[in-house]
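Notes follow the structure.
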Amino acid sequence: MSTSAPAQPEILKKLNTAASAEEFFQLLGVDYDIKVVNVARLHILRRMGQYLVSEDFSAMSEEAVTARCKDVLAKAYADFVASSPIDERVFKVLKDAVKPKPQQPMVQLTTLK
């Protein structure tokens, strides 16, 4: 009795080996403006990953997985057409940049000897 894992959809295998954001767009057939991608490529792919993390592709056909990935990439791309990476803040470093700093304790000079 074999308990092998279900086969990964072919499109996910291709996306896992994609070397650039442009390759993601081409594999999924999503139109894009290179000016937007040049500014926000990592942000778009990160947002796509955030959208996909809750997806369950195990019972989906290859075509359904491809269509879902295409929709998610288009949605992630649209986020950065309508807004900027600074406004979207998908990376921790950008979130931390606007996080309120903790108050530093203040020591009165008169208490020091």
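- Between L73 and I44 the shortest side-chain heavy-atom distance falls below 4.5 Å.
- For the atom pair F91 CZ and R47 CZ, the distance stands at 10.0 Å (nearest 0.5 Å).
- Put simply, CG on L28 and CG on D71 are 9.5 Å apart, with the number rounded to the nearest 0.5 Å.
- Follow the hydrophobic side-chain contacts under 4.5 Å out from V39 and you never reach V30; the two are in separate clusters.
- Using a distance-only test at 3.5 Å, with no hydrogens or angles considered, no donor-acceptor pair links the side chain of S83 to the main chain of F80.
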From CA spacing to verdict: ring-ring contact (aromatic ring centres under 6.0 Å, His included), Y77, Y32: CA-CA 8 Å; Y77 173 74; Y32 63 96; 7.1 Å; no
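- When all heavy atoms of Q108 and T111 are compared, the closest pair comes out as O-OG1, 2.7 Å.
- L12 and V53 fall into different hydrophobic clusters, where Ile, Leu, Val, Met, Phe, Trp and Tyr side chains are chained together by heavy-atom contacts under 4.5 Å.
- Closest of all the heavy-atom pairs between F57 and C69 is CZ-SG, 4.1 Å.
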From CA spacing to verdict: salt bridge (charged side-chain N to carboxylate O under 4.0 Å, His left out), E22, R41: CA-CA 8 Å; E22 290 86 346; R41 69 183 57 242; 2.8 Å; yes
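- Rounding to the nearest 0.5 angstrom, the gap separating the NZ atom in K99 from the CG atom in D96 is 4.0 Å.
- One finds the CZ atom of R68 at 12.0 Å from the CG atom of D56 (value rounded to the nearest 0.5 Å).
- In D31, the CG atom is not crowded: 12 or fewer heavy atoms of neighbouring residues, nucleotides or ligands sit closer than 6.0 Å.
- Expressed to the nearest 0.5 Å, how far CD of E63 lies from CD1 of I11 amounts to 11.0 Å.
- When the shell of 6.0 Å around NZ of K13 is examined, it contains more than 12 heavy atoms from other residues, nucleotides or ligands.
- Of the possible donor and acceptor atoms, none in the side chain of R89 sits under 3.5 Å from a partner among the backbone N and O of K95.
- In this structure, the separation between CG on L15 and CG on L45 is 9.5 Å, given to the nearest 0.5 Å.
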